[in-house]
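Here the structure comes first, spelled out in structure tokens, and everything after it is commentary.
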Number of protein chains: 2
Amino acid sequence: MRSVQDHLAAVLAAVGPVAPLDVALHDAAGCILARDLVATRDVPAVPLAARDGYAVAAHETAGAGYDGELTLPVAHDVGPGGPAGLRLAPGQAVRVSSGGPLPLGADSVVPLEETDRGAVRFALQRPAVAGQHVRTVGVDVRTGEVVLTAGTRLGARQLALAATLGHGRLHVHPTPRVVLLSVGDELVEPGTARPPEGAVFETDGHALEAAVRDAGATPVRVGILPDDRGTLREALDDQLVRADLVVITGGLSELVGDTVKDVLATLGTVRLDHVAMTPGFRHGFGTVGSDLGTDRAVPIFALQGDPVAAQVSFEVFVRPALRAMAGHAELYRPSVAARATHGWTAPAGLRQFVPASVLGTPEEGYRVTALGDPSAPTVSALAHANALAVVGEHDTTVAPGQVVHCLVLEG
Amino acid sequence: MRSVQDHLAAVLAAVGPVAPLDVALHDAAGCILARDLVATRDVPAVPLAARDGYAVAAHETAGAGYDGELTLPVAHDVGPGGPAGLRLAPGQAVRVSSGGPLPLGADSVVPLEETDRGAVRFALQRPAVAGQHVRTVGVDVRTGEVVLTAGTRLGARQLALAATLGHGRLHVHPTPRVVLLSVGDELVEPGTARPPEGAVFETDGHALEAAVRDAGATPVRVGILPDDRGTLREALDDQLVRADLVVITGGLSELVGDTVKDVLATLGTVRLDHVAMTPGFRHGFGTVGSDLGTDRAVPIFALQGDPVAAQVSFEVFVRPALRAMAGHAELYRPSVAARATHGWTAPAGLRQFVPASVLGTPEEGYRVTALGDPSAPTVSALAHANALAVVGEHDTTVAPGQVVHCLVLEG
């Protein structure tokens, strides 16, 4: 029997960041940048007005003051797109919008609000200061500057910087594509009007589809497969070309079916283990691909079909693997130490994961309450939990007031 | 001039949750449940084995003990899908996988690990306790129980519960569809090989596309429109049918173009304001639709084209509006109070938003450092910020060590 720690180490040793690729900005959102992004131009490339107003040479406005207004003729209008390359004639001004290029010879902008807003001539009350309301060349970014370092997550603000610099594509680790297969003769789709007796509504594929997306990866839910070796092997064959990772749920019973075990056994590098945890005792993990004629070794997880076991195993093993494949440095959910409001028992030798409600603040400390029966966690308890309380392998009880390590699942 | 607070109040007064709709589980992920979800069946519906093992009547296993093993004949094998409805004959056992239905007459499961794993007969060392390793009817969910309340966000674990109960569709507030239009003759797409002189790379649409998705909504980036009234009106006409919200960036100059102002003015219920903030001084907000022949009044924002102004305005006004439209109770980013590591100046009468780096922990307190020049925030500074420092309208300086309110943008 493997410990949780050893199994997680084996999983993380077998996965690595997805090979980087140039992708359009749209597809780069949420991805990790795979190499430093270097500015190939200054931003701004020419001096720009920072306000709507009049571009002037400051030394020509010295006459505006307490003794009266100064008026200057307006020679041109310049919008954000130009015209660029104008030259300011001595004693004149150019009306310019915010973001528009300054004419040569101008060194400052008099904001509209400080003038009479004249279109042919305008009046100003006080002298301009050289440089006022001007965005000088390179004030934002200089050519050659590393503007984003490899490893940066590309959110809206980082994409804005890349777009401003003119990059239409970025070199990123693409989000891993995760193929989800649910195995079981008993499974029917939720919403099926008259399920046969003994049928069970397919849950794992729906839950993991959302969990995969929440982890920043791209799910491909194939759906329900019967407990049949040929069908499973065929499905793997079909799906591997588009998978960076495969997760199979169900078909792991020691008694009947054993479809998954049998099929994976023929693929050579997948091993089935008992992992010292509850829920989620049985685990398959390895790589498939070379046997099936693809040139990539694709990591594959086989998880128990029980929805609570499948979801807990996803949290503990699959999610960190996906984060590593996406290139994230931080693989794990945040965790807090919380005091148990009530006690419970835990099995010796197994790490116990308990759906739990964690309340509190960093200042006052946290309290954790197990939801439902910790020895038989339910889908309902998990749906109402905001954390998983983690009880170590050597603990057989949690006493009221005891500090318990909790994985925080959300807000 | 409107205050930030008044403008935000006007925005939030004009938007409400998107009308609820029945959607497939797949599309419900991330949405807010629009009415209580009530269980229409017990889970489990019949008693189930909680472990792989042998279903027995506990009172018939009393003979197993210190004086020797007890062996029982195995009458059937039952998988997770059944067969259901078997009846246990006296003195017999049924081999059952985890998740399989218990035969009538059985009240406990002897786990495989505690037996000799026999297929025809099996031996057990100690008596079973009635109820052991059995999931009784309704232990997870009872018929009629409210399992998820209206207002719940549907993540993986909540979808698991809905699927387990057989719900293939859920009644939710669908994620708002946000149409993004970028107006400006000067704009070219990032990646354009030889941009004309004076061209500016389109940034707002790309940034807001990611920001909209990050807010849990669905972006529709239309792209670049010229500074032309007819084209803008036509684009609005085309896009309104699929929009729950429209965001236009650019075209707000007081001097040239004014495309957006002119077009929105004809639609009646959109007003252009100066909002007392920097960056992001000019704002259009209102509703469009009835003038354009649709039966819905669609909220519309017109934001300044400057990418920092557009992004800050999105954070301050559009994001809370989108959260409200998606049905979230919590509209705002988390905020912290942080001590300024250095001082800076702020304009009187305007609320100042400054890209900033916030470091620290709740225990030790937070420190905030403005990135770049607070009076002229850049796309680069914003890309490297993890927060916006907010300086009140009445403050004209931030002193080193002063406590500043900060909106946390990430991590």
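All chains are named by letter (A, B, ...) in the order of the sequence lines, taking the proteins before the strands, and each is independently numbered beginning at 1.
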Worksheet item: Highest number of heavy-atom pairs under 4.5 Å with chain B: which of A/Pro307, A/Gly205, A/Gly191?
Response: A/Gly191
Response to the item:
Checked A/Gly168, A/Ala156, A/Ala50, A/Pro190 vs chain B; the most non-hydrogen pairs under 4.5 Å come from A/Pro190
Practice prompt. Check whether any side-chain heavy atom of A/Arg41 sits under 4.5 Å from a side-chain heavy atom of B/Phe201, and report yes or no.
Written response: yes
Fill in: Shortest non-hydrogen separation from B/Arg157 to A/Ala383 and the atoms involved
O-CB, 3.5 Å
Worksheet item: Out of curiosity, A/Ser380 OG to B/Leu165 CG, how far, rounded to the nearest 0.5 Å?
Response: 8.5 Å
Worksheet item: What part of B/Leu159 gets closer than 4.5 Å to chain A, counting heavy atoms only: side chain, backbone, both or neither?
Response: side chain
Worksheet item: Side-chain contact, heavy-atom cut-off 4.5 Å: B/Leu25 with A/Glu209?
Response: no
Item to complete: Select one option (side chain, backbone, both, neither) describing which atoms of B/Ala211 are under 4.5 Å from chain A's heavy atoms.
Response: both
Fill in: Proximal component of B/Arg213, with respect to chain A [non-hydrogen, under 4.5 Å]
side chain
Worksheet entry | B/Glu330, part contacting chain A, at a heavy-atom distance under 4.5 Å | neither
Fill in: Residue selection (most heavy-atom pairs with chain A, distance under 4.5 Å) from B/Gly184, B/Ala207, B/Pro44, B/Ala28
B/Ala207
Fill in: Any donor-acceptor N/O pair, A/His384 side chain to B/Val147 backbone, under 3.5 Å
yes
Worksheet item: For chain A, which of B/Pro195, B/Pro219, B/Gly30, B/Ala163 has the most heavy-atom pairs under 4.5 Å?
Response: B/Ala163
Practice prompt. Could you tell me whether a side-chain N or O of A/Thr203 sits under 3.5 Å from a main-chain N or O of B/Thr164, the two making a donor and an acceptor?
Written response: yes
Worksheet entry | Side-chain heavy-atom pair B/His206, A/His167 within 4.5 angstrom cut-off | no
Discussion item. Is B/Ala39 in contact with chain A via its backbone, its side chain, both, or neither, using a 4.5 Å heavy-atom distance?
Written reply: neither
Fill in: Greatest number of heavy atom pairs closer than 4.5 Å to chain A - which of B/Gln158, B/Arg153, B/Arg135
B/Gln158
Discussion item. Does atom NE2 (A/His76) have a neighbourhood of more than 12 heavy atoms from anything else shown, all under 6.0 Å?
Written reply: no
Discussion item. Using side-chain heavy atoms (C-beta onward) and a distance below 4.5 Å, is A/Val379 in contact with B/Asp140?
Written reply: yes
Worksheet entry | Where A/Ala29 and B/Ala210 come nearest, the two heavy atoms and their spacing | CB-CB, 4.2 Å
